[in-house]
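In this text the structure is predicted, and so the values were computed from the model without any measurement.
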Amino acid sequence: MPAARAMPARQRGGNAGASALPRRRRTTDPMAAFDRLPPDLRAWLAGAARPWSPRSAHRAWQRALRDARGDTATARAALTALEARLLLRDAPAP
């Protein structure tokens with residue numbers, strides 16, 4: 001019987017991707033939390049480039065919406081800019 005190969009550390013955890021960002025255990029049902037998000041935020045998350053927890057997405061959305069004084073288009077643009085900064089932070093070093 002062949003020996004089991006150990007997976008590289010970056011690939012453990014199923015479909016979490018190859019992110020170097022820290023992982024956390026879930027304490028709530030993420031699908032139920034996602035279903036409670038505002039429709040505009042859920043639509044933005046559908047096209048997001050990185051995985052977002054419902055909690056962090058909602059927190060970022062509330063801040064962006066507050067800063068945009070309720071304008072959802074401006075809030076979505078702010079989330080896109082935030083995501084771009086996070087992707088740069090998580091990019092592999094050259």
Identify, with sequence neighbours excluded, every residue that meets side chain to side chain donor-acceptor pair (under 3.5 Å) alongside Asp40.
none
Would you tabulate the side-chain donor-acceptor contacts of residues 74-81 under 3.5 Å, counting partners in other chains and residues two or more places apart, or write 'none'?
residue, atom, partner, partner atom, Å
Thr74, OG1, Asp71, OD2, 2.4
Thr80, OG1, Trp44, NE1, 3.0
Thr80, OG1, Arg76, O, 3.0

To the nearest 0.5 Å, atom CZ of Arg85 lies from atom CG of Asp90 at 14.5 Å
If you compare all heavy atoms of Ala49 against all heavy atoms of Glu83, which two are closest, and at what distance to 0.1 Å?
N-OE2, 2.8 Å
Taking side-chain contact (heavy atoms from CB on, under 4.5 Å) as the test, write out the residues that go with Arg36, two or more places apart.
Ala32, Ala33
Taken to the nearest 0.5 Å, the spacing of Arg50 CZ from Leu87 CG works out to 7.0 Å
Over 12 foreign heavy atoms within 6.0 Å of CZ, Arg55:
no
I'd like to check the side-chain contact (heavy atoms from CB on, under 4.5 Å) partners of Ala57; sequence neighbours left out, ordered by chain and number.
Leu41, Leu45, Trp52
Drop me the distance from Gln62's CD to His58's NE2, to the nearest 0.5 angstrom.
4.0 Å
Would you say Met31 and Pro54 make side-chain contact, with heavy atoms under 4.5 Å?
no
Residues which pass side-chain contact (heavy atoms from CB on, under 4.5 Å) with Ala46, listed by chain and number, not counting sequence neighbours
none
Return the set of residues passing side-chain contact (heavy atoms from CB on, under 4.5 Å) with Ala43 (not counting sequence neighbours), or none when no residue passes.
none
